[in-house]
Amino acid sequence: MIELAPTHKYGLSLPTPVMPAAGVFGYGDVYRDLLEEGVLGALVTNPISLRPRNVAQGQRILTRGEQVLLHTGLPNAGAKAILRQYGKYWERSPVPVIPHLVATTPAETSKAAVLLSAARGVGGIELGLAENVSEDKAVELLHAAQDSGLPLIVQVPFSRVDALAPRLVEAGADALTLTAPPRAVLPLPDAPEDKAESGTRLMRGRLYGPAVFPLLLNVLARFAAPGANQLHVPIIACGGVASPADALTCISLGAAAVQVDVLVWRTPGVLREIAAAFKAL
Amino acid sequence: MIELAPTHKYGLSLPTPVMPAAGVFGYGDVYRDLLEEGVLGALVTNPISLRPRNVAQGQRILTRGEQVLLHTGLPNAGAKAILRQYGKYWERSPVPVIPHLVATTPAETSKAAVLLSAARGVGGIELGLAENVSEDKAVELLHAAQDSGLPLIVQVPFSRVDALAPRLVEAGADALTLTAPPRAVLPLPDAPEDKAESGTRLMRGRLYGPAVFPLLLNVLARFAAPGANQLHVPIIACGGVASPADALTCISLGAAAVQVDVLVWRTPGVLREIAAAFKAL
Amino acid sequence: MKQQTATFRFALPSPPHWAVRLDVAQPPRAGQYVLAECGGPLREALFPADVDADGFTALTPRGHPITRLLPGASVDLLGPLGNGFRLDRVQRLLLIAEADKLSVLRPLLNAAPAVTLVVEGPTRARMPAPDSLPPAVELLLVTLDGSVGYLGPLESQEPAPAGQERIGPLLAELIAWTEWLCLACRRERYPALAGLVRQARLQPTAHFAQALVHTEMPCGVGACDVCRIPTRHGEKHVCTDGPVFDLLEIGNE
Amino acid sequence: MKQQTATFRFALPSPPHWAVRLDVAQPPRAGQYVLAECGGPLREALFPADVDADGFTALTPRGHPITRLLPGASVDLLGPLGNGFRLDRVQRLLLIAEADKLSVLRPLLNAAPAVTLVVEGPTRARMPAPDSLPPAVELLLVTLDGSVGYLGPLESQEPAPAGQERIGPLLAELIAWTEWLCLACRRERYPALAGLVRQARLQPTAHFAQALVHTEMPCGVGACDVCRIPTRHGEKHVCTDGPVFDLLEIGNE
Ligand SMILES: Cc1cc2nc3c(=O)[nH]c(=O)nc-3n(C[C@H](O)[C@H](O)[C@H](O)COP(=O)(O)OP(=O)(O)OC[C@H]3O[C@@H](n4cnc5c(N)ncnc54)[C@H](O)[C@@H]3O)c2cc1C
Ligand SMILES: Cc1cc2nc3c(=O)[nH]c(=O)nc-3n(C[C@H](O)[C@H](O)[C@H](O)COP(=O)(O)OP(=O)(O)OC[C@H]3O[C@@H](n4cnc5c(N)ncnc54)[C@H](O)[C@@H]3O)c2cc1C
Ligand SMILES: Cc1cc2nc3c(=O)[nH]c(=O)nc-3n(C[C@H](O)[C@H](O)[C@H](O)COP(=O)(O)O)c2cc1C
Ligand SMILES: Cc1cc2nc3c(=O)[nH]c(=O)nc-3n(C[C@H](O)[C@H](O)[C@H](O)COP(=O)(O)O)c2cc1C
Ligand code: FES
Ligand code: FES
């Protein structure tokens, strides 16, 4: 068992330290035909906000070599509708459900956190922050999410780990997910009609793919590694993990657990392989 | 002509906005058989320090998929020896030579900058900073390098653009190279003898490869793009540029020039292709 | 939905496409798809252009990663995925496609005794080769430059210049005539095309007009939210709720 | 140094390696190399194991990216690069190699009327197949586990256990006998091997002992500084100052 909230009154213990990253696994049931129960240590959901969010306009995904750029707009039906649709499923979940909560305003964040915590099966909440959130605002949002009473994990934006991670721990985060994907930009492929238009059309989004892994390891080496971990909370590694070996490398660098991101779509079985590697330890 | 130091008394004008990144082209003459004169807009040298530096111990390069991790230790023979060996060549250079100066202490940085500026053909200096340099120290090093009297470009570490770029411009940098490569970490492949050893052996270094390009574009979109450029100095784009189209995308995002990094080793001709694309504009 | 292993048989030029043959136990039906692992960071969606008991043929763009496999190679597939076209005891079938999206309708070319196919494209050169269609199919061409057939676009209400003709009136007749209508166009076209259907038939039954929606589908199972589109009943996943939708559901958002 | 286009002829298993044949106008000589573009982010260094007027054969590890090319493919090469072995009018030649580095010495196996080859490896199974060597070559085996030939390592001064023998005394004789000595070992071994040379010959001429240094060489032209190694005369580039160095220059840093 892995404990992700050792100082929290309820704790958050996982049978195995592998889970999907927010945004790659839906709300729990869509991989039922491809992955048997008991593979995951926890179920991190797609982003959930208090109010429904629509899907982003324009290009939402772009690949270039091994890289994947993603911009979905964090669409979701809103906390209430999602609870109605998935509450029963979460209740029966053999592992803790960790809704990923989109931090918007403190008031909305608090409301959504309280709503989600009422669902049986929910073992903790993961909070997602905007890349450019101020340090004070981040702490405010953290406190709002703590109104749930449940263990609170914060997913820290890639470019903000130095500034935010210590503040969030000090403010009471039970665990940190390091990191949310880096922000990136790519030119859109020219549509033939657009050749005439001046300027390059760009897509902004989050960067996924194997190149993120060496960047993640650098963060772990600085913030999680035995000896270097000044944070004193469990760290969940997230970013480009592609194999059981990668997952074990994260653990050897001080991570308590790992999240697998877009690789799940191509190779859902990688979650099973990683879980098996941990079982074999 | 591209002007990289518009407010400097000497200026620094380039016939075409393409150059090698520091560390990929040596000190100027090694590609003479593969690239004809007049292809480059400037010659950025390998890192130079006042005192000689030895090559790093241990693994210096590691590839994983499209990514390249590099840790050379910035070896060089020291400013004096390099001037002895390459001064004549620089004198005859048809384009400005821009020595890349390794910022160590302010005193050494000043001395090396003054030495290098005495060489004919040197049109400006690019200063390289340690990733973890404090903001005050960075400014101190910049002032030390300004003792050369030449236009000064500062290459800003990837993770420090927010904190350092505005300070460096305020302190008088003529141009910025955005960015130095991100720091990254990868596990070393197991040597068969080492299987027994506990723990993963790691290599730390700088990350190169195509995945850096979308991260660079994000920096340009934030700091260089028309409308967004709060810095008001020419920006040189550096990181994963792999084609004429990439170079043009950087320019459309506000860069005044581009540097090409490790791709030069595989495909030196990419410099020629990019220069030709600029000429055709 | 499940994971299966297909055998790659061949990839042959079939201008402007490449024809890719996969043998697989459970092939996708018309309008369904599979997600094939071809070495990139994401899977590639393949729609059948021709289906039989042993597998299917897909038409892919030139240079598609699957065309680089060697004959006999195993290909990991997710699928069949999604909801395809559903046609019951059909006598009269109308198909409408943009030229570069025609391939997904090809499995329906023999689905009824009387099939009429309307293809719209920019110009004559982009029209399908007539000998690539079953002889019984009635083919009507529409070009945006008037270089052959009717002058497009399909839904134009404007009068045609001298010597050219719009397909509008005939299309209204065909929509009134047919039992089912299947479409493969860009999604932006569907609201206007839905308008044509509403004009031509007062009370179309549910699923009378079935429109295939093309989007990127990285996961195919409703996990990634990349493929969400607005519909009359809120946002839906193209991958699981579609890719074939009731035109009237997505035609009026 | 220059850029040339080679033609890939074949890659065949040649256990424990793959033999890769490239036809090219200017092949590298023994100890030189080319940098081949094989699709990865960096070029791959190829050393010849066999050279003729039309090209060369390199022995690569299994799964090397160049083995995935199709026969007839064009390969972009930088090179020939670096300084290879230099042997003038040689009668007697001694070669010393670790088993997994032997391939770079193979072009020298016919370079003299009398060639003696000493191969050191961990165990019998890693020794070269005798029929892969010209019959005239005198082959001496050294294994670290004593499973065949002399008991290694080469430079050991310790007495051998009963029933086993060290090669030390014979090696000293061979070093005294030979006109030139060429080596291919890990770089860490060279200081100790240089010690053997100094003991066996009081005044070896410059380049009497020539040692090939293996390192990663991303650029091949002295630009990247990845391949720098310490020598008696300061740091040198393996890619341009080597890969073949005077053993006595790199053997005593
Ligand atoms: C000036 C401005 C205007 C905007 N206008 C609009 C608009 O009109 N419509 C609109 O929808 N949005 C708008 N946005 C918001 C923004 O563009 C994106 O919609 C929103 O940030 C989500 O986009 P994304 O998918 O790229 O996710 P990101 O912006 O990258 O997501 C933001 C953060 O969410 C966190 N996160 C955690 N889990 C996930 C997950 N699973 N998926 C994604 N993110 C996750 C990450 O930490 C990430 O940093 C605007 C933003 C700005 C700054
Ligand atoms: C605790 C500690 C101990 C150290 N001990 C040693 C030691 O024993 N021996 C030793 O040699 N070094 C030592 N260093 C220094 C360090 O490990 C590297 O040698 C040095 O930073 C260069 O390594 P690198 O090649 O990875 O370059 P980096 O560390 O990545 O280079 C530092 C910066 O140089 C700039 N730069 C600009 N151009 C180039 C270029 N062309 N190539 C590389 N960098 C460039 C970049 O901005 C980069 O961020 C030590 C550092 C620390 C923190
Ligand atoms: C999960 C999430 C969702 C977001 N959604 C929106 C959005 O819908 N619209 C928007 O303008 N910005 C959105 N953002 C981006 C930030 O809210 C945006 O940068 C904001 O304007 C920053 O200002 P603030 O610090 O006052 O919140 C989102 C950020 C996050 C983390
Ligand atoms: C170009 C360059 C070279 C460096 N070389 C060394 C070095 O040789 N040894 C070292 O310990 N650190 C080296 N560093 C890293 C920093 O100097 C190191 O982080 C330093 O300890 C930071 O402390 P400071 O801010 O007082 O300089 C180097 C950094 C840069 C940018
Ligand atoms: S393709 Fe992922 S949700 Fe539809
Ligand atoms: S291989 Fe680049 S300097 Fe030697």
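To find a chain, count down the sequence lines: A is the first, B the second, and so on, and within it residues start at 1.
Looking at heavy atoms from C-beta onward, C/I229 lies out of side-chain contact with A/V55 at the 4.5 angstrom threshold. Taking the side chain as every heavy atom from C-beta outward, A/I61 and C/E216 approach each other to under 4.5 Å. A heavy-atom distance below 4.5 Å is found between the side chains of C/L78 and A/L34. Counting only heavy atoms from C-beta outward, the side chains of A/P75 and C/E235 approach each other to under 4.5 Å. Using a 4.5 Å cut-off on side-chain heavy atoms (C-beta onward), A/R60 and C/V226 make contact.
In the displayed structure, C/R126 atom CZ is contacted under 6.0 Å by at most 12 heavy atoms of other residues, nucleotides or ligands. Heavy-atom contacts from other residues, nucleotides or ligands closer than 6.0 Å to CZ of C/R86 number more than 12. Other residues, nucleotides and ligands place no more than 12 heavy atoms under 6.0 Å from the CD atom of A/E37.
To the nearest 0.5 Å, the span separating CG on A/L70 from SG on C/C224 amounts to 7.0 Å. One finds the CG atom of C/D76 at 10.0 Å from the CZ atom of A/R266 (value rounded to the nearest 0.5 Å).
Of the listed residues A/T267, A/L263, A/V68, the one with more heavy-atom pairs under 4.5 angstrom with chain C than any other is A/V68.
Heavy atoms only, all atoms of each residue included: A/R53 and C/R228 are closest at O-NH2, 4.3 Å. Among all heavy-atom pairs drawn from C/A223 and A/F25, the shortest one is CB-C, 3.9 Å.
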